[in-house]
Q: 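Have a look at the structure that comes next, please.
Only a predicted model underlies this, so the values are computations on that prediction, with no experimental measurement involved. Below, chain A is the first sequence line, B the second, and so on; all start at residue 1.
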Protein chains: 2
Amino acid sequence: MAEREVDRSVSQTVKAQLALRDQLLSGALRPGERISELQAVETTGASRTPVRMALVRLEEEGLLEAIPSGGFMVKAFSERDISDSIELRGTLEGLAARFAAERGVSARELEPLKECLAAIDELLGQVPISVDAFSSYVALNARFHALLTELSRSPPLIRQIDRASALPFASPSGFVMAQSALPEAKQILIIGQEHHRVAIDAIENREGARAEAVMREHARLAVRNLRLALRNRTHLDLLPALALIKTATD
Amino acid sequence: MAEREVDRSVSQTVKAQLALRDQLLSGALRPGERISELQAVETTGASRTPVRMALVRLEEEGLLEAIPSGGFMVKAFSERDISDSIELRGTLEGLAARFAAERGVSARELEPLKECLAAIDELLGQVPISVDAFSSYVALNARFHALLTELSRSPPLIRQIDRASALPFASPSGFVMAQSALPEAKQILIIGQEHHRVAIDAIENREGARAEAVMREHARLAVRNLRLALRNRTHLDLLPALALIKTATD
DNA sequence: TGAATACGTTATGTATACAGTAACTGGCGA
DNA sequence: TCGCCAGTTACTGTATACATAACGTATTCA
């Protein structure tokens with residue numbers, strides 16, 4: 001008789017995947033550390049089969065690495081890995097912006113994007129920016145990027161961008177980190193808003209090359225900011241770094 | 001008592017994954033068709049657990065699609081999906097070329113690339129090109145692209161390019177298709193060689209922007225060729241199209 | 001005292017049993 | 001004759017049992 005509490009509203013596999021990803025991004029599991037299946041079974045409440053499926057998915061997602069002798073370990077990232085990921089994502093988003101511009105986008109479709117920017121403007125008007133406001137900003141910004149990506153109308157590209165964003169987004173500890181590491185964050189965010197505005201303008205006027213260029217420039221700026229932020233810290237730890245991607249990319 | 005023949009030299013999961021991918025790319029399974037786990041168990045010789053792991057991996061790879069009510073189906077691709085994939089891959093390779101140029105590559109590292117090009121030159125010298133020669137060309141070209149990607153020294157980028165190439169490469173039926181659909185294939189391949197030569201030259205001289213530009217131009221040419229080839233066919237079928245990516249991308 | 005080997009423990013890979021759900025088919029009623 | 005409902009079948013999702021391989025520890029020999 002299994003006294004295991006079974007929640008049938010979501011699949012056990014999805015539940016395990018979300019739980020494990022949380023553990024990974026929150027820092028409960030450290031880079032290089034081996035993940036024990038049995039331990040995962042206990043912490044997630046699912047049985048071994050769904051846990052294994054979740055581990056496979058997380059490996060494909062890039063958060064885990066298969067150990068040749070068996071099992072999985074938490075993947076470790078270098079500083080360059082992270083800045084490369086930012087540039088990679090920016091390049092992909094640039095392509096998405098170009099597709100959007102070339103393929104044409106109606107004014108109606110651009111409306112939600114503009115609303116996002118306006119909402120962010122309002123947040124940035126606050127002095128100083130509260131933690132709550134910053135958290136709202138992150139959500140709004142993620143929404144903006146998702147909407148922009150959608151405008152490309154290219155499922156393969158959207159899919160690829162999602163994959164490239166797996167690390168950057170969804171790290172809950174990012175907010176605090178951003179506060180401490182990026183005191184000049186606000187100025188950076190304001191410049192980001194400018195970039196986004198140019199991108200929308202370019203898409204509206206069907207200038208593909210300009211739309212692409214500004215998104216890539218945006219990413220390069222993010223890389224420079226990341227380097228700057230990291231220089232202030234002696235040790236590069238995985239999770240704070242992961243968290244940084246999120247803020248530096250946006 | 002299991003009379004199942006167990007090959008312990010490779011894991012059952014890998015065996016199942018390879019077998020299923022073969023079935024997908026060879027056309028044994030048609031787009032939109034639901035994949036039966038039990039059927040896969042019989043054809044691959046592995047049991048359900050490894051088969052399921054393989055299915056999850058193939059879904060992440062983009063060859064399969066999860067059905068909401070359960071199970072997986074063979075993913076279907078539109079003509080635009082395919083041309084977008086080519087452009088996507090070209091964009092990523094452009095970034096790789098730029099990284100290689102900016103980060104510097106020794107003459108020794110470029111040697112194998114040049115050898116590839118020379119070997120391809122020799123193949124293209126034949127009149128007419130035999131099927132065997134074409135097959136060799138495909139292998140050599142894949143090697144060239146892989147080597148170029150490696151030069152970027154960026155694991156995240158290399159990983160992403162691998163993913164973006166999952167569809168393009170590894171389709172065995174591509175050769176025949178290429179022969180029938182692209183009678184002017186040879187001329188196209190010769191132009192491709194030119195592009196690759198320029199890319200190497202740019203990397204050698206550390207001209208990142210030029211290296212990136214030529215690889216992207218290369219991809220755009222491939223897209224045009226794909227469109228041309230497809231115009232000659234009334235119906236776009238998944239597998240021939242998949243196969244075409246391989247030849248058109250290279 | 002150190003190193004190597006053997007044994008035991010543990011965890012992963014694999015197989016299979018079980019349960020629940022969705023789809024299909026057949027029958028009945030309008 | 002068509003549509004709807006119920007029963008049945010088959011497949012997926014989940015759990016668990018079993019086998020094998022790897023790792024750690026202890027003991028023995030040099």
Q: To the nearest angstrom, how far is B/Glu42 atom CD from D/dA10 atom P?
A: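 Whole-Å distance recorded here is 13 Å.
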Q: With a 3.5 Å cut-off and heavy atoms only, can you find an N or O donor on one side and an acceptor on the other between the side chain of A/Ser11 and the base of D/dT14?
A: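 Counting by modelled atom types and ignoring angles, no donor-acceptor contact under 3.5 Å is found here.
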Q: How are the rings of A/His218 and A/His196 set to each other: parallel, tilted or perpendicular (split at 30° and 60°)?
A: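 Rings of A/His218 and A/His196: perpendicular, over 60°.
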Q: Please report the shortest heavy-atom distance between A/Leu20 and A/Ala40, naming the atom on each side.
A: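 Heavy atoms only, the tightest pair is CD2-CB, 4.0 Å.
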Q: When you compare the side chains of B/Arg89 and B/Ser165, does any donor N or O come within less than 3.5 Å of an acceptor on the partner?
A: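 Yes, a side-chain donor-acceptor pair sits under 3.5 Å.
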Q: Rounded to whole angstrom units, what separation is found between the CE atom of A/Met53 and the C1' atom of D/dG13?
A: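 Rounding to the nearest Å, CE of A/Met53 and C1' of D/dG13 are 8 Å apart.
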Q: Using whole Å, what does the distance between atom C1' of nucleotide D/dA19 and atom CD of B/Gln12 come to?
A: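 Rounding to the nearest Å, CD of B/Gln12 and C1' of D/dA19 are 13 Å apart.
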Q: Could you tell me how far apart B/Gln17 (CD) and C/dG13 (P) are, to the nearest whole angstrom?
A: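 After rounding, the gap between these two atoms is 14 Å.
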Q: Dump the pairs, protein N or O against N or O of nucleotides 5-12 of chain C, anything under 3.5 Å, distances to one decimal.
A:
residue, atom, partner, partner atom, Å
C/dT12, OP2, A/Glu37, N, 3.4

Q: Work out which heavy atom in A/Pro155 is nearest to a heavy atom in A/Arg153; give both atom names and the distance.
A: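 For A/Pro155 and A/Arg153, the tightest heavy-atom pair comes out as CD-O, 3.5 Å.
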Q: Does C/dT14 have OP1 or OP2 under 4.0 Å away from a side-chain N or O of B/Thr49?
A: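 So the side-chain polar atoms of B/Thr49 never come under 4.0 Å of the phosphate oxygens OP1 or OP2 of C/dT14.
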Q: Do you know the tightest heavy-atom contact between B/Tyr137 and B/Leu123?
A: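 Scanning both residues completely, I find the closest heavy atoms to be N-CD1, 3.5 Å.
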Q: Tell me, yes or no, whether the heavy-atom count around B/Glu33 atom CD, taken from other residues, nucleotides or ligands under 6.0 Å, exceeds 12.
A: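 Enclosed: over 12 neighbouring heavy atoms sit under 6.0 Å from CD of B/Glu33.
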Q: Starting from P on D/dC11, measure out to CE on B/Met73 and report it in whole angstrom.
A: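 Taking CE of B/Met73 and P of D/dC11, I get 18 Å after rounding.
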